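Let me begin by presenting the structure, written as structure tokens, before commenting on it.
Lettering of chains follows the sequences in order, A, B, ..., and the numbering in each one begins at 1. Note that the structure is predicted; figures quoted are calculated from it, not measured.
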Amino acid sequence: MNFVMSDLVPVLPEIFVLAMTCVILIADLLIRQSGRLATYMLVQLTLLGCSLILVGTHENRVIYAFHNMFVDDLMSDVLKLLTCLALSMMLAYSRLYLTARGLFTGEFMVLVLFAMLGMMVMISANHFVTLYLGLELLSLSLYTLVAMQRDSATAIEAAMKYFVLGALASSLLLYGMSMLYGATGTLELGALTQAIQSGAADRNLQIFGLVFVVCGLAFKLGVVPFHMWVPDVYQGAPTAITMLIGSAPKLAAFAFVTRILVEGLQPLMPHWSAMLVILAIASIVLGNVTAIAQTNIKRMLAYSTISHMGFLLLGILSGSIEGYGASMFYAVVYALMSLGAFGMIMLLSRADGFEADTINDFKGLSRRSPWFAFIMLLLMFSMAGVPPTVGFYAKFSVFSAAVNSGHIPLVAIAVLFSLIGAFFYLRIVKLMYFDAPESHAAISIQPDTGILISFNGLAVLLLGILPGKLMAVCAVSAQQSLLLH
Amino acid sequence: MLMSFETIVFYLFAALSVFAALRVITARNPVHAALFLVLAFCSMAGIWMLLEAEFLAITLVLVYVGAVMVLFLFVVMMLDISLVQLRAGFWRLVLFGAALAGLMAFEMIWVLGSSRTSTGRVAIKHAADYSNTKELGRLMYTDYVYPFEIAAVILLVAMVAAIALTFRRRKDAKSQGVPEQVAVRKADRLRLVKMPPENRARQGLDSTEEVAR
């Protein structure tokens with residue numbers, strides 16, 4: 001009825017990705033190729049094309065389309081661009097690793113693109129229905145990707161756990177959304193805020209719905225006490241898929257959480273802020289302490305993810321524009337560090353099926369390859385938050401936002417446990433530089449992944465020295481997107 | 001007291017669905033239970049029809065009766081279900097079940113009897129030419145076209161995922177290579193052997209048998 005052509009321009013990136021995914025699905029069957037190189041190039045071209053369209057259709061204002069179901073603003077454009085970049089890097093890192101394990105198939109790449117489409121829908125959703133559908137699109141693709149390695153019992157177990165707990169989380173989220181709908185009579189985020197602000201709606205019912213929504217979000221973010229799936233999935237999935245789960249979806253999750261809590265439920269801020277305080281504290285404490293006991297580096301990084309998500313929540317719970325900007329910066333930085341760390345694990349893994357997934361595999365890396373040991377050192381320093389790497393600046397900005405909104409005891413605990421957490425990151429550095437290597441096998445590195453990981457490690461350092469530009473972009477997008485009402 | 005035709009139909013369908021639902025759990029034969037469930041669905045569809053929700057009624061019959069229940073019946077018939085085994089824990093669980101049923105009944109009475117639920121509002125009667133299906137379709141393809149399309153993509157992902165996870169090309173599978181069959185030449189299959197003629201009848205017979213075998 002009121003469908004207009006101008007609705008299609010803001011969703012052009014999504015339409016392009018969907019169309020190309022369908023083309024690739026068919027083309028992969030028809031093109032004769034070795035090692036899926038042609039399909040791989042097509043996927044990379046799709047990501048490039050999507051980025052170009054994003055830049056080309058960018059307008060410096062907030063555009064709503066499809067009856068306010070879809071929103072196109074600076075935050076969505078920035079996050080979508082970074083998602084394209086993260087997925088492109090992830091595919092480049094994992095091509096040889098997956099080829100050696102027989103997993104680099106057309107379906108793999110198609111599912112990655114579908115996951116990306118889900119993330120894009122989540123990032124620019126302005127309605128509970130689109131938020132939920134985007135989340136399901138992403139989750140279903142990820143469940144399948146985790147289960148792709150059918151011969152591995154751990155991968156199947158991880159996929160089962162991920163699927164069952166993910167379904168539980170989705171149903172919690174839906175239940176909360178239906179309660180909010182019952183209380184306010186709308187599913188659109190802007191109208192939801194107005195309905196809550198008007199005071200006519202039942203406040204108890206809103207809080208009841210909010211509790212379920214926050215639980216669902218916490219499940220998806222993997223924060224304590226809803227974190228049980230994270231270590232098993234990170235350890236069980238093939239490293240390339242772990243890298244995928246650990247990088248770009250965190251950007252989408254940030255958008256998802258802020259759109260629901262800040263854009264939709266801003267008037268209930270005191271309530272959700274208090275809930276997030278508990279989640280953040282528990283994640284930071286448990287994540288950092290449990291990571292110390294791990295000998296598997298993928299599992300260790302999983303607990304590190306849990307604690308990082310706790311730090312990310314610190315910015316959101318502070319409830320200020322400064323805090324939202326800091327959290328967005330944290331999500332971007334985390335995705336970058338995660339790509340580098342998992343990239344390094346894949347780099348050290350060999351084509352004969354050897355997985356460098358215990359921390360002992362990093363012993364004496366500096367003697368085998370001083371340059372890559374240095375890159376890993378940068379990544380670990382950044383995760384621990386040691387200056388001058390960007391991890392320090394990310395932690396500093398969320399801490400300062402939380403202090404400014406009066407959460408001083410919370411920040412004191414967070415600082416203490418990030419110091420404790422530094423132990424297990426620095427243990428990797430100690431193993432690399434001061435221990436004798438367990439194997440002297442030459443590290444075979446293709447030039448493209450070698451350059452990429454060097455770029456990744458140096459980016460962590462450079463952004464740490466000059467964080468101003470990225471921080472400004474995050475602050476401006478948070479300002480534009482989240483301070484509308 | 002005079003009841004309108006609609007009320008009579010409602011009570012008919014309601015009684016039928018309660019009866020069918022009871023028989024679902026009391027029927028001894030699982031196939032009968034599944035068929036009673038079909039009856040319960042059909043009578044519920046009738047009630048929805050009375051509520052002017054034709055689309056939901058039709059979908060219930062098409063999807064649940066037509067697809068889900070048929071699949072369910074297949075499973076019930078394929079599996080060898082031992083009734084004795086199914087009834088084994090009955091008396092042990094009956095207390096728990098009764099408590100759960102009581103709790104649910106209490107909740108429903110509480111919700112339906114609360115002042116918030118019964119607002120005293122009466123549903124608006126639509127005109128005779130009002131079509132529920134058309135209204136739903138109009139909304140689905142205009143206001144909700146964006147989520148509708150995403151739902152379609154999710155179905156596509158489910159299809160890709162199901163094939164990617166279950167399709168396994170077996171190494172020892174035997175299949176027909178049509179291009180090879182067509183490209184074959186006489187020289188590849190047929191070999192002409194020159195043999196001296198045999199005279200002895202007895203041995204000749206043996207060798208024919210050999211060839212036939």
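Counting non-hydrogen atoms of neighbouring residues, nucleotides and ligands closer than 6.0 angstrom, the CZ atom of Phe72(B) reaches no more than 12 such neighbours. Counted within 6.0 Å of CD1 on Ile8(B), heavy atoms from surrounding residues, nucleotides or ligands total more than 12; the atom is thus considered enclosed. Glu180(B) CD: 12 or fewer foreign heavy atoms inside a 6.0 Å radius. Heavy atoms from other residues, nucleotides or ligands lying under 6.0 Å from CZ of Phe70(A) number more than 12. For CZ of Phe5(B), the number of neighbouring non-hydrogen atoms (other residues, nucleotides, ligands) closer than 6.0 Å is 12 at most. Taking a 6.0 Å sphere around CE of Met69(B), one finds it holds more than 12 heavy atoms contributed by other residues, nucleotides or ligands.
Summarising the geometry of Met69(A) relative to Asp143(B), their closest heavy-atom pair is CE-O, 3.7 Å, with the distance given to 0.1 Å. Here the shortest heavy-atom pairing between Thr166(B) and Arg150(A) reads C-NH1, 3.7 Å.
The most heavy-atom pairs under 4.5 Å with chain B, out of Leu137(A), Leu111(A), Leu117(A), Val129(A), come from Leu137(A). Between chain A and the residues Ala151(B), Ala164(B), Ala162(B), Ala158(B), the largest count of heavy-atom pairs under 4.5 Å involves Ala164(B).
Rounding to the nearest 0.5 Å places CD1 of Ile150(B) at 11.5 Å from CE of Met122(A). The NE2 atom of His67(A) lies 10.0 Å from the OH atom of Tyr144(B); values are rounded to the nearest 0.5 Å.
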All N/O donor-acceptor pairs, side-chain side in residues 35-51 of chain B, below 3.5 Å, sequence neighbours left out:
| residue | atom | partner | partner atom | Å |
| --- | --- | --- | --- | --- |
| Ser43(B) | OG | Leu39(B) | O | 3.0 |
| Ser43(B) | OG | Ala40(B) | O | 3.0 |

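Heavy-atom distances place the side chain of Leu156(B), and not its backbone, under 4.5 Å from chain A. Within the 4.5 angstrom heavy-atom criterion, atoms from both the backbone and the side chain of Leu133(A) approach chain B. Neither the backbone nor the side chain of Leu145(A) comes within contact range of chain B; no heavy atom of the residue lies under 4.5 Å from a heavy atom of that chain.
Ring planes of Tyr146(B) and Phe66(A): parallel class, angle under 30° (limits at 30 and 60°).
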